[in-house]
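Below, chain A is the first sequence line, B the second, and so on; all start at residue 1.
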Number of protein chains: 2
Amino acid sequence: MPEKRVDNRPSAAHNTLAEAQHILHEHLTQLGLKRSSQRDTILRVFLKTRDHLSTEELHTLIKKHDPAIGYTTVYRTLKLFVQCGLAAEVEFRDGVARYEHSLNRRSHHHMICTRCGDSVEFFSPEIEELEHRIGKKFNYLTIQHSFQIYGICESCQKKLTDAVAATGAQ
Amino acid sequence: MPEKRVDNRPSAAHNTLAEAQHILHEHLTQLGLKRSSQRDTILRVFLKTRDHLSTEELHTLIKKHDPAIGYTTVYRTLKLFVQCGLAAEVEFRDGVARYEHSLNRRSHHHMICTRCGDSVEFFSPEIEELEHRIGKKFNYLTIQHSFQIYGICESCQKKLTDAVAATGAQ
DNA sequence: ATTGCTGCAAACGATTTGCATGAGG
DNA sequence: CCTCATGCAAATCGTTTGCAGCAAT
């Protein structure tokens, strides 16, 4: 196991929170909206995850910090985060909207296991290039793209072959 | 209004229908399911479209051929088509499931206008290659991928600039 | 004071299922 | 005959909205 993945930017987490809060408050001001303790709490908890959370999952986490915060507030706040670029919706084909943070996050894509929902991220600069090329070709003003690979992860493959072996042995 | 459609591959349409029906019936037999006139009608109407139809839109078309066929049957039949590879679900981000035929259809992707829902198809071999490369790298057995570009089509861009010009002129 | 925010409950809309009846093998 | 298919109505589930009371500016 080489590469333990050390973060060479010492206080990255704290800086990210401060930066994110600044972006959110700026966004609120611009739209004539107001700060609230709930929104700050939701942002703080959201930034602490690296997962792809559904609104409900995030709400569950939020309640541990402040049980009074309701589902609707989390739902509406996530939309705010998307508006100001702090969060991005990701498509996992499991019937719920999922969000990840998108601040200081290098453009990436997901490969998702359709059995267990596990996912890995990968990088692919050629996809960005492709978006621009195709947009130009058909005179579209491109906004974004969505790219996912669906498959079966190593551990689920193992479970499947084991199951087949067991059936065959009977 | 029969058979206006000019096709330079003489009996391509007929062959596709025959092939599709064969695939469907084979699939039904394998699962111990039964043929039905409804399923055949739905397949016939579905194959005649080149659009990306929602279940409801397809149901509307179906009713012109046989008003007795219900929404649920169309819904369940589309799932069958997906199972046996006759149809594929496409993601248009408009909140409804959309299907296109996938038989004898070269692999392609979509660029979708988020204003009017218009879409263009494009081809990109590098995407297929990427799916395999990433799958191998992370030991995933890849099944499929999903790639869409979202943007604003030429005609909607025009409408937008016109609208801005009108506001500015007042 | 004014205006936005919150949390509840209710509305919503697409999808999915239960069930009695009808059709396929 | 037995099993599956059908179509209706009802249930489901994530999402979205209306509203009365609360909080921020």
Exercise for the section: May I ask you to decide if the ring planes of A:Phe147 and B:Phe147 are parallel, tilted or perpendicular, using 30° and 60° as cut-offs? Expected result: perpendicular
Practice task
Assert yes or no for the condition that the ring centre distance of B:Tyr99 to B:Phe81 is strictly below 6.0 Å.
Solution key: no
Would you call [X] and [Y] a salt bridge, taking side-chain N to carboxylate O under 4.0 Å as the test?
{"X": "B:Glu128", "Y": "B:Arg106", "result": "no"}
{"X": "A:Arg105", "Y": "A:Glu121", "result": "yes"}
{"X": "A:Arg50", "Y": "A:Glu100", "result": "no"}
{"X": "A:Glu129", "Y": "A:Lys136", "result": "no"}

Can you tell me the distance, in whole Å, between the [atom1] atom of [X] and the [atom2] atom of [N]?
{"X": "A:Asp40", "N": "D:dA23", "atom1": "CG", "atom2": "C1'", "answer": "14 Å"}
{"X": "A:Phe92", "N": "D:dG14", "atom1": "CZ", "atom2": "P", "answer": "17 Å"}
{"X": "A:His25", "N": "C:dG4", "atom1": "NE2", "atom2": "P", "answer": "18 Å"}
{"X": "A:Asp94", "N": "D:dG14", "atom1": "CG", "atom2": "P", "answer": "10 Å"}
{"X": "A:Leu33", "N": "C:dT6", "atom1": "CG", "atom2": "C1'", "answer": "14 Å"}
{"X": "B:His27", "N": "D:dA5", "atom1": "NE2", "atom2": "P", "answer": "11 Å"}
{"X": "A:His59", "N": "D:dT16", "atom1": "NE2", "atom2": "P", "answer": "16 Å"}
{"X": "B:Leu24", "N": "D:dA5", "atom1": "CG", "atom2": "P", "answer": "11 Å"}

Exercise for the section: Within residues 79-89 of chain A, find the residues that approach DNA chain C with a heavy atom at under 4.0 Å, and present them sorted by residue number. Expected result: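 Result for residues 79-89 of chain A: none.
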Handout entry: Short side-chain donor-acceptor distance under 3.5 Å, A:Glu91 and B:Ser146
Key =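 No pair is found: no donor N or O on one side chain lies under 3.5 Å from an acceptor on the other.
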Handout entry: 5′-ward residue of the pair B:Lys34/B:Arg98 relative to DNA chain C
Key = B:Arg98
Listing time: all N or O pairs from protein to nucleotides 6-9 of chain D that are below 3.5 Å?
| residue | atom | partner | partner atom | Å |
| --- | --- | --- | --- | --- |
| D:dT6 | OP1 | B:Ser36 | OG | 2.5 |
| D:dT6 | O3' | B:Gln38 | NE2 | 3.3 |
| D:dG7 | OP1 | B:Ala68 | O | 2.8 |
| D:dG7 | OP2 | B:Gly70 | N | 3.1 |
| D:dG7 | OP2 | B:Thr73 | OG1 | 2.4 |
| D:dG7 | O5' | B:Ala68 | O | 3.4 |
| D:dG7 | N7 | B:Arg76 | NH2 | 3.1 |
| D:dG7 | O6 | B:Arg76 | NH2 | 2.9 |
| D:dC8 | N4 | B:Thr72 | OG1 | 3.4 |

Exercise for the section: Give a yes or no on this: more than 12 heavy atoms of other residues, nucleotides or ligands lie within 6.0 Å of atom CZ of B:Arg115. Expected result: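 For B:Arg115, atom CZ is not crowded (no more than 12 foreign heavy atoms under 6.0 Å).
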Exercise for the section: Could you check A:His110 against A:Phe92 for ring pair (Phe, Tyr, Trp, His ring centres under 6.0 Å), going step by step and ending with a plain yes or no? Expected result: CA-CA 9 Å; A:His110 300 98; A:Phe92 271 46; 5.5 Å; yes
